[in-house]
Amino acid sequence: MSSSFDPSGLHTELFIDGAWQKAASGATFPVENPATNEIIAHVADGGPADAALAIEAAGRAQVQWGKSTPRQRADILRRAFELVIANTDRLAAIMTAEMGKPLAEARGEVAYGAEMLRWFSEEAVRIGGDHTTSVDGNTRIMITKEPVGPCVLVTPWNFPLAMGARKIAPAIAAGCTMVFKPAELTPLTSLALVQIFREAGLPDGVLNVVTTTSASSVVETWTSSGIARKISFTGSTQVGKILLRQAADNVMRSSMELGGNAPFIVLADADIEKAVDGAMKAKMRNMGEACTAANRFFVHRSVVEEFSEKFAKKISELQVGNGAAEGTEVGPLIEQKGLDKVVSLVADAVSKGARILTGGIRPEGPGYFYTPTVLTDVSLDSELMNTEIFGPVAAITPFDSEDEVLRLANDTEWGLVGYVFTESMEKALRFSADLEVGMVGLNTGLVSNPAAPFGGVKQSGLGREGGKIGIEEFLEYKYTAIAI
Ligand code: ADP
């Protein structure tokens with residue numbers, strides 16, 4: 001199977017109630033390849049009228065879908081898993097063309113997203129419940145779990161396949177219907193995924209997709225409909241807060257995967273080779289465009305020079321280019337705005353005393369490229385310490401004591417993930433306990449795993465995706481009191 005992008009056979013319409021259809025207005029919007037600036041497709045630009053049709057379809061389908069058997073839902077997810085795996089090269093090529101990540105990473109994302117489908121196909125048949133007796137012995141207490149109801153799913157552009165799969169899979173497993181709005185920068189992967197669910201036998205109306213450039217009016221149509229019972233959002237903290245306010249009006253269940261400001265801590269006793277390997281993954285995966293990306297490197301003063309030099313050397317050897325070319329290790333950023341932000345954050349850090357060990361260049365030519373960069377002696381009042389860089393820039397600051405670095409690491413409103421490198425079990429467990437985050441990477445730069453609960457504390461979000469508890473986000477508990 002070819003791994004070059006081929007738009008033939010790809011649907012670019014809205015998918016509502018089991019049918020592909022144009023936007024009511026007839027409008028479309030272009031999708032750009034961030035490596036070449038070429039327009040690779042035009043996609044239906046849905047509006048509130050289309051959004052209303054989609055949520056009504058989800059509402060109608062809920063009753064029957066909620067009564068489908070666990071095995072039916074598991075089988076659909078299992079077939080979708082197999083189809084995604086069989087289409088790995090095609091899906092990876094679409095993702096690389098619309099988002100920019102290197103093909104090897106895109107294939108890795110397909111495997112991760114597919115595993116979410118398989119994981120939840122296995123969870124669908126193990127929803128269970130509980131049973132107990134009241135303390136006075138007069139009542140049997142039966143606890144059953146039911147689907148929450150129609151869900152609003154909103155996803156970002158940085159992991160176009162995995163973010164959709166991570167929400168759709170548990171919703172299907174739990175018996176919820178959905179309206180889904182993928183990011184406007186990367187709609188094609190989601191449309192291809194929907195096509196796969198259809199082939200896998202998902203009934204009409206269960207999954208409805210509206211691509212749009214009017215995110216706020218489409219999503220507000222859904223949150224204010226009175227039909228949707230839950231919203232699951234991945235994106236910026238700023239937009240998450242807007243959606244939480246909307247969800248409050250109808251008291252909707254809410255899962256929020258928001259921003260991060262991950263500390264990457266290298267203690268004095270760390271294995272530096274391991275730390276550098278971990279840093280490459282935690283910083284460079286997805287060109288640094290990940291909420292889990294290491295944003296602040298705190299390295300003990302006794303090892304900061306060795307770590308920085310080795311890290312900068314590895315970073316400088318990375319092959320930057322069009323992600324579609326085999327061998328490329330770093331693709332372009334997603335858009336001009338993201339590139340401008342990275343350029344300005346580096347300029348700000350340098351103006352406050354940071355030194356550039358490697359990179360710091362915006363190459364000429366098409367595409368939103370930025371050379372992978374390592375900054376050292378970064379001052380704590382630099383802007384990049386307090387904002388998600390979302391680019392291939394590592395900012396290193398030395399520290400002297402463990403108490404000091406814990407205070408610095410926790411001095412942020414976010415709390416998604418923290419990385420710690422040490423050879424001491426005692427220190428590892430202390431940091432694991434004291435970091436104010438939802439996830440900790442101990443001697444590893446990668447925490448995402450379908451079997452693990454992904455999510456953050458503080459302003460990084462609410463709820464968890466994946467793992468044994470991932471399905472709970474889509475289930476309600478019902479308690480029935482039975483007189484004995
Ligand atoms: P990012 O900075 O990663 O693009 P955003 O939070 O802006 O993150 O976008 C994540 C998702 O939220 C995208 O699908 C985007 O279209 C959507 N979105 C952005 N603004 C709004 C809004 N006001 N209401 C609903 N969805 C929105």
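Both ligands and their constituent atoms are indexed starting at 1 by order of listing. The model shown is predicted, which means the values in this text are computed figures rather than measured ones.
Counting atoms of ligand 1 from 1 in the listed order, those under 4.0 Å from a heavy atom of Val154 are 11 (C), 12 (O), 14 (O), 17 (C). Within ligand 1, the atoms closer than 4.0 Å to a non-hydrogen atom of Ala183 are 14 (O), numbered from 1 in the order shown. Ligand 1 places these atoms under 4.0 Å from at least one heavy atom of Phe233: 6 (O), 10 (C), 11 (C), 12 (O). Distances below 4.0 Å separate heavy atoms of Leu243 from the following atoms of ligand 1: 24 (N), 25 (C).
Between His11 and Trp20, the angle of the ring planes stays under 30°, which puts this pair in the parallel group of the 30/60° scheme.
The aromatic ring centres of Tyr112 and Phe159 sit 6.0 Å or more apart. A centroid separation of less than 6.0 Å is found between the aromatic rings of Phe390 and Trp157.
Nearest to atom 24 (N) of ligand 1 by heavy-atom distance, out of Ser214, Ser216, Gly240, is Ser216. One option in Gly338, Ser236, Ser190 has a heavy atom closer to atom 5 (P) of ligand 1 than any other, and that option is Ser236.
There is no protein heavy atom less than 4.0 angstrom from atom 9 (O) of ligand 1.
Remark: Lys281 does not engage Asp277 in a salt bridge, criterion side-chain N to carboxylate O under 4.0 Å. Using a 4.0 Å cut-off between charged nitrogen and carboxylate oxygen, Arg118 and Glu115 count as a salt-bridge pair. Under 4.0 Å is where a charged nitrogen must lie from a carboxylate oxygen, and between Arg285 and Glu105 no such pair does. A salt bridge does not link Glu473 to Arg166: none of the charged nitrogens lies less than 4.0 Å from a carboxylate oxygen.
Ligand 1 has a nitrogen or oxygen under 3.5 angstrom from a nitrogen or oxygen of Thr155.
Side-chain atoms of Glu98 and Thr189 form a donor-acceptor pair, as typed in the model, at a separation below 3.5 Å.
Of the protein's heavy atoms, Trp157 NE1, 3.4 Å lies nearest to atom 3 (O) of ligand 1. Protein heavy atom nearest atom 21 (C) of ligand 1, with residue, atom name and distance: Val239 CG1, 3.5 Å.
Under 4.0 Å from ligand 1, the heavy atoms of Glu184 that appear belong solely to its side chain.
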